[in-house]
Amino acid sequence: TGAGSPPAFEAIPGGGKIGQVVSTAKVDHFSTSSSSFTDITGLTVNITPSASNSKIYIMSNFQGRTDSGSGYPVYRMLRDSTVINSGTGSIGSRVQAFVTMNIYNADNATGMSIATAFLDSPSTTSQVTYKIQMKSTGGNDMGVGSVGGDSDSTHNARSASVITVMEVLA
């Protein structure tokens, strides 16, 4: 290479290629007032890795929602029944989550766009299920895919929610 030219790089054979992509979009809303984690219907996807050393790259984006009143929603991601892409393990009353909408407005509903990405190592060639769950911390209605519940109003809008998984070959 000449002076001022960028160095030449060679591709490393094999690793880092995408083997398969599976995605699902949720176009309706979901809500819960449960204080227990609940599967968000439509934010679940299955993939079967082709090799046990493959990694799975998970991306998800959605509109989180809290209605007026106390409390806030907490969201977490799971591989089958294992919590992934989260803070450290539960300590006292704290729970594992990848995001919590700690936005409080006693008078109005609040929404927030939430996006996450995570590289997982499931170490299997069996089908794996990835999903997003949520719970309400205050007993009030919380949700995904809309702001202000799902009432028919000009200030309420629905947004798409997506979860996509990609197998990254070793």
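Below, all heavy atoms of this structure are taken into account, side chains as well, without hydrogens, waters or symmetry copies.
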To the closest 0.5 Å, what do you measure between [atom1] ([X]) and [atom2] ([Y])?
X	Y	atom1	atom2	value
Asn61	Thr164	CG	OG1	7.5 Å
Phe62	Ile40	CZ	CD1	5.5 Å
Thr24	Ile163	OG1	CD1	8.5 Å
Lys26	Thr44	NZ	OG1	9.5 Å
Lys131	Thr41	NZ	OG1	12.0 Å
Asn46	Tyr130	CG	OH	10.5 Å

Taking the side chain as C-beta and beyond, is there a heavy-atom pair between [X] and [Y] under 4.5 Å?
X	Y	answer
Tyr57	Ile18	no
Val74	Phe37	yes
Ile56	Arg79	no
Ile58	Asn85	no

Heavy-atom pair of closest approach, residues [X] and [Y]:
X	Y	result
Ser34	Ser36	OG-N, 3.0 Å
Glu167	Thr48	OE1-O, 4.5 Å
Phe30	Asp39	CZ-O, 3.4 Å
Pro73	Met134	CB-CE, 3.7 Å
Pro49	Ser54	CB-CB, 4.5 Å
Asn53	Ala170	ND2-CB, 3.3 Å

*Residues which pass salt bridge (Lys or Arg N to Asp or Glu O under 4.0 Å) with Lys55, listed by chain and number, not counting sequence neighbours*: none

*side chain to side chain contact (heavy atoms under 4.5 Å, CB included) involving Ala25 - partner list, sequence neighbours excluded*: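 Ala25: side chain to side chain contact (heavy atoms under 4.5 Å, CB included) contacts with Val162.
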
